[in-house]
There are 4 protein chains.
Amino acid sequence: MSLDLSEYSVRTDLALEAHDMASAGGTLIPGLHKTNYDEDGIRVSLIDITTPEASQTIGKLPGHYITIDVPELRKKDTELQDRVATLFAKEFERFLQKLNIGPNASVLIVGLGNWNVTPDALGPMVVENVMVTRHFFELMPGQVSPGYRPVSAVAPGVLGTTGIETGEIAQGIVDRSKPDLVIAIDALASRSLERVNTTIQIADTGIHPGSGIGNKRKGLTIDTLGVPCIAIGVPTVVYASTIVNNAFDMMHNHFQKQTSNTGHILGLLDAMQEGERLQLVKEVLNPLGHDLLVTPKEIDQFIEDIANIIANGLNAALHEAVDTNNVSAYTH
Amino acid sequence: MSLDLSEYSVRTDLALEAHDMASAGGTLIPGLHKTNYDEDGIRVSLIDITTPEASQTIGKLPGHYITIDVPELRKKDTELQDRVATLFAKEFERFLQKLNIGPNASVLIVGLGNWNVTPDALGPMVVENVMVTRHFFELMPGQVSPGYRPVSAVAPGVLGTTGIETGEIAQGIVDRSKPDLVIAIDALASRSLERVNTTIQIADTGIHPGSGIGNKRKGLTIDTLGVPCIAIGVPTVVYASTIVNNAFDMMHNHFQKQTSNTGHILGLLDAMQEGERLQLVKEVLNPLGHDLLVTPKEIDQFIEDIANIIANGLNAALHEAVDTNNVSAYTH
Amino acid sequence: MSLDLSEYSVRTDLALEAHDMASAGGTLIPGLHKTNYDEDGIRVSLIDITTPEASQTIGKLPGHYITIDVPELRKKDTELQDRVATLFAKEFERFLQKLNIGPNASVLIVGLGNWNVTPDALGPMVVENVMVTRHFFELMPGQVSPGYRPVSAVAPGVLGTTGIETGEIAQGIVDRSKPDLVIAIDALASRSLERVNTTIQIADTGIHPGSGIGNKRKGLTIDTLGVPCIAIGVPTVVYASTIVNNAFDMMHNHFQKQTSNTGHILGLLDAMQEGERLQLVKEVLNPLGHDLLVTPKEIDQFIEDIANIIANGLNAALHEAVDTNNVSAYTH
Amino acid sequence: MSLDLSEYSVRTDLALEAHDMASAGGTLIPGLHKTNYDEDGIRVSLIDITTPEASQTIGKLPGHYITIDVPELRKKDTELQDRVATLFAKEFERFLQKLNIGPNASVLIVGLGNWNVTPDALGPMVVENVMVTRHFFELMPGQVSPGYRPVSAVAPGVLGTTGIETGEIAQGIVDRSKPDLVIAIDALASRSLERVNTTIQIADTGIHPGSGIGNKRKGLTIDTLGVPCIAIGVPTVVYASTIVNNAFDMMHNHFQKQTSNTGHILGLLDAMQEGERLQLVKEVLNPLGHDLLVTPKEIDQFIEDIANIIANGLNAALHEAVDTNNVSAYTH
């Protein structure tokens with residue numbers, strides 16, 4: 001959730017959305033590379049931001065981003081869920097290789113968010129479902145089967161329930177348990193109802209202030225933690241104002257197919273820049289208490305499904321002994 | 001949730017909204033009576049529909065409706081919650097008197113909805129928190145303290161999880177346990193994000209097909225159950241299309257203060273009838289999978305708070321021995 | 001749980017235990033037949049009680065009983081759990097055939113017990129995990145894939161939370177939904193800590209007053225329901241006094257290997273009849289508040305595991321389209 | 001839970017039990033002081049261990065111990081629960097004064113244990129219900145109402161689910177958040193079924209290896225944390241062997257009233273030392289898988305009630321602004 005000063009800008013937690021907005025006119029941006037491929041209902045986009053200029057242009061930190069889009073993911077199709085987990089695992093493995101994280105590097109998984117707020121419970125639910133192995137390496141070194149690495153996992157809570165910044169807690173745990181890599185899982189706010197619970201983003205940039213849908217002001221980054229931090233995020237909520245603003249876009253596109261003068265139908269709103277229009281919508285809705293963050297009615301099921309996909313995918317990606325083609329056999 | 005053929009109409013589960021839409025132009029409708037009073041942040045509206053004509057005009061069954069509106073109810077103010085519960089109890093008591101339900105009449109509370117879908121869990125949560133006394137009357141007749149009546153409570157589940165229409169289950173239980181009155185609690189879809197988790201409606205019309213946000217096709221009415229049925233409903237979800245449509249209204253009102261020509265800004269949409277415009281919005285959003293039912297991010301807390309208010313209010317209203325001024329002392 | 005007058009007798013909810021106690025001396029009891037077979041860590045016992053005399057001797061109603069004993073079932077071995085579910089399904093199918101329940105007969109599964117009391121939550125948890133299909137047959141007759149039968153499922157709650165006898169609720173639902181067979185799932189009290197969460201009993205006798213660990217006084221039998229009722233029970237709790245009494249037995253057996261005079265060690269208690277000794281233990285413990293029903297510390301996990309086994313087994317046994325060799329693929 | 005080498009000794013987590021065993025014969029132990037008072041169904045015992053000799057004799061660390069015994073606490077009496085919380089608050093306040101913890105000292109509450117194992121969930125449940133205020137002091141220094149102190153709270157999980165020793169996590173969080181005092185809440189194993197969920201112990205000795213019912217090997221003490229640590233513990237489980245052993249005691253006492261020769265009835269067991277007999281019982285039960293840790297059937301309710309008492313008591317004791325006579329008004 002954007003809590004920063006530019007909260008009326010069309011800010012997004014997803015690099016893919018930022019990229020698409022910036023490149024909307026077809027402009028080529030140096031230092032910004034995107035490739036994507038489709039696989040039977042799943043679209044994978046790989047975005048690399050390699051220069052400060054590109055970073056500034058699209059408002060995302062330099063780094064590597066993977067976005068997995070599965071429009072049908074809300075349909076309770078367990079076969080599709082297994083395919084997404086398998087694909088997630090394969091892309092995550094490649095990501096680890098690119099970052100030179102070896103097969104024995106120890107990993108701490110940090111599930112951000114609040115157990116008691118369903119759309120914010122993604123992180124804690126992933127933590128509950130991943131295989132934890134670090135204690136076996138600590139207590140019985142040399143006796144752990146080959147194909148596993150030390151993995152630990154914590155759900156530190158949120159500022160409102162602990163009284164301590166999540167970043168502080170994570171840092172304290174990293175100091176003591178000394179992992180080689182942190183993986184932080186977080187629920188995000190989306191720019192589009194369509195992406196809510198259908199998109200997974202992986203980024204090697206860590207978690208930065210103002211991201212995520214809770215009060216987690218202090219970042220989880222290589223600078224604060226001293227070890228690399230991969231962030232996994234899933235949009236689970238959207239502002240009512242964003243829904244309204246998107247509807248204008250959709251109506252604009254809808255009418256454009258029928259008439260050249262969409263302004264006739266949509267008035268001045270039609271001509272406005274997206275950011276300007278969103279600001280207007282927010283200004284109208286906000287004072288009336290109408291600009292809530294909302295989530296789909298079926299959020300309980302959606303969160304559980306995606307948490308399982310990510311947990312299964314991580315188990316397969318982190319442990320060579322876990323079969324990437326049968327990811328769901330290893331969790332409950 | 002409207003599942004009927006007229007799903008594009010501006011249908012609402014709330015008699016108050018239906019009344020306000022029908023009377024928007026200031027028209028007086030014979031057979032339709034409304035009074036209301038305010039009490040420190042709470043607005044109570046009493047609507048009576050006494051003629052078939054009035055019923056048809058506003059699209060609601062003849063009967064008595066009480067609406068309790070508490071715009072600040074989502075703010076976790078426990079003192080306000082207690083006041084709402086107390087006021088609910090007093091109005092509910094008057095309602096029982098009007099219906100000639102005596103102090104010893106036995107009551108079955110039916111909590112409609114699905115435990116596992118948070119915005120649909122209102123009914124089951126109320127059932128979990130009400131005082132149940134019927135078994136004491138059955139097992140130890142004559143030994144129950146004065147000031148109590150026989151109250152039973154069930155949460156029958158939803159069609160998708162039981163395979164049986166909820167109305168059938170309720171009827172079977174009524175046949176066997178023979179209450180004098182049924183009170184059915186249900187989550188509703190709202191026409192306005194503003195009303196979600198801030199409004200409670202009480203009606204002596206029972207529950208009718210197409211109401212509520214689940215699959216509960218068979219009604220709970222005096223006709224099907226053989227005893228009167230009071231329905232208590234709370235809007236907990238809203239369609240994305242409704243949010244968009246409301247935003248148009250708000251923008252129209254906003255600009256009207258500044259200019260006489262709001263059509264200049266909002267185009268053709270400005271001149272459309274509300275129903276017509278909603279249909280247009282739905283037609284654009286639906287095929288893109290954007291017309292989901294959504295609920296506020298904080299739904300877990302909101303549902304728990306309102307379920308407690310209703311349970312506390314019912315306990316005080318149904319048992320004379322429970323002090324109406326200290327409603328929350330009797331539940332956990 | 002025994003709530004009847006003979007509560008100091010060595011009563012048990014398991015026919016197998018009753019059989020073994022009655023046959024302890026090697027006596028042959030006419031009208032009582034027992035066979036059993038072992039399969040890799042699972043023991044299946046089939047007991048038929050065919051005469052009133054046999055019924056009276058062992059204190060169990062005439063009927064067929066299957067007991068599945070899996071001493072290692074508390075060890076979280078998912079491969080073993082799958083094998084138990086598969087074996088359960090095969091035995092349950094044979095049981096249905098013996099009772100002449102055809103492949104299209106409709107079934108109502110009734111999960112007895114209380115969601116909020118973990119050791120009593122077995123029934124509701126099974127209900128949550130079984131495949132429910134009846135509504136498809138009702139709403140789209142002729143369009144359901146072959147290999148399925150109409151199955152419905154309810155968790156009616158317990159007397160203390162509903163105010164209505166569970167048997168009354170079940171009867172009302174049977175009256176309305178008209179199944180051909182009822183399957184009732186219930187948690188039991190055991191005579192032995194060893195059997196807690198390791199034993200599953202299937203019986204065609206229905207549920208009788210005084211069974212199960214809650215207040216469910218009215219039975220669920222062919223007499224009350226009008227259709228046959230198969231009971232599935234799992235011991236989940238044991239009385240502290242039973243633990244103590246069993247310990248005496250174990251100590252007796254232990255010392256018997258070392259000495260001919262176990263009375264020397266165990267005193268007068270050694271010579272007592274089991275029932276007499278249990279009564280003594282209860283008389284000592286009860287007034288001190290020490291004769292609680294207890295359950296293993298890990299009950300949350302145990303209940304979940306067994307509920308999954310039974311749900312998986314029922315899905316495979318009730319629907320031909322569900323593969324008996326891969327039972328867990330159909331539930332979540 | 002005793003995991004150390006002396007596991008067959010009559011070890012107890014409660015100083016009161018250790019004191020009573022050591023002083024059974026009426027021996028006076030120098031350096032060991034005990035006083036107690038009763039208040040309408042509540043017994044408060046204050047034990048001070050001031051010398052290494054006394055510490056060694058009763059097997060407890062030097063320090064101050066308060067034990068609150070409420071035999072009727074399992075009876076769902078909310079009025080009694082409120083009185084216990086109020087008394088807890090008053091004793092805890094005195095304890096803080098004795099330790100020179102001032103009214104502005106910052107406090108970190110650490111809820112040990114596992115959410116998913118009901119008898120081990122006490123710590124996390126207390127954490128969920130205490131008032132957390134530290135972030136207000138951090139974010140809006142100078143604006144917090146008088147009468148509050150900075151309180152933070154975490155539930156770090158258990159070794160089996162995090163892969164990291166709980167002590168390490170706690171230390172890391174203390175390093176970063178720098179509280180003046182740590183309060184650690186933990187579920188304990190009891191020597192007596194009677195004490196399960198009826199006794200609360202407060203001690204200024206911190207948590208030591210081998211205490212509590214989970215894998216929390218590293219201690220939480222002033223030595224490891226650098227700040228004082230007050231431990232609050234509640235027995236929630238008991239070994240089956242302990243139940244058996246206690247039953248022997250009770251039977252011994254029972255028969256002693258009737259006869260001078262209890263050995264006649266109880267055999268050699270009667271003459272054994274308690275520790276010796278417990279060892280024997282364990283040796284017989286253990287190989288048969290009968291020496292489980294067990295908990296009362298109603299554990300869900302008991303844990304919730306005691307967690308509320310402790311949370312209410314801590315809120316009143318830690319914040320002067322919270323009224324000690326109306327403790328339950330501040331939590332939900």
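Throughout, a chain's letter reflects where its sequence line sits, starting with A, and its residues are numbered from 1.
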Evaluate the criterion side-chain contact (heavy atoms from CB on, under 4.5 Å) for residue pair Ile243(D) and Val244(C); output intermediate values, then yes/no.
CA-CA 7 Å; Ile243(D) 293 176; Val244(C) 174; 3.9 Å; yes
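Interface remark: of the candidates Pro296(C), Ser241(C), Ala240(C), Pro296(C) forms the most heavy-atom pairs closer than 4.5 Å to chain D.
A 4.5 Å side-chain heavy-atom check between Thr295(C) and Val294(D) finds every atom pair outside the cut-off.
Note that the CG atom of Asn116(D) and the CG atom of Asp300(C) stand 7.5 Å from one another [nearest 0.5 Å]. In this structure, NZ on Lys297(D) lies 11.5 Å from CD1 on Ile299(C), to the nearest 0.5 angstrom. Within the model, atoms CD of Glu298(C) and OG1 of Thr118(D) stand 11.0 Å from one another, a figure rounded to the nearest 0.5 Å.
A search for side-chain contact (heavy atoms from CB on, under 4.5 Å) contacts involving Ala307(D) returns Leu122(D), Met125(D), Val126(D), not counting sequence neighbours.
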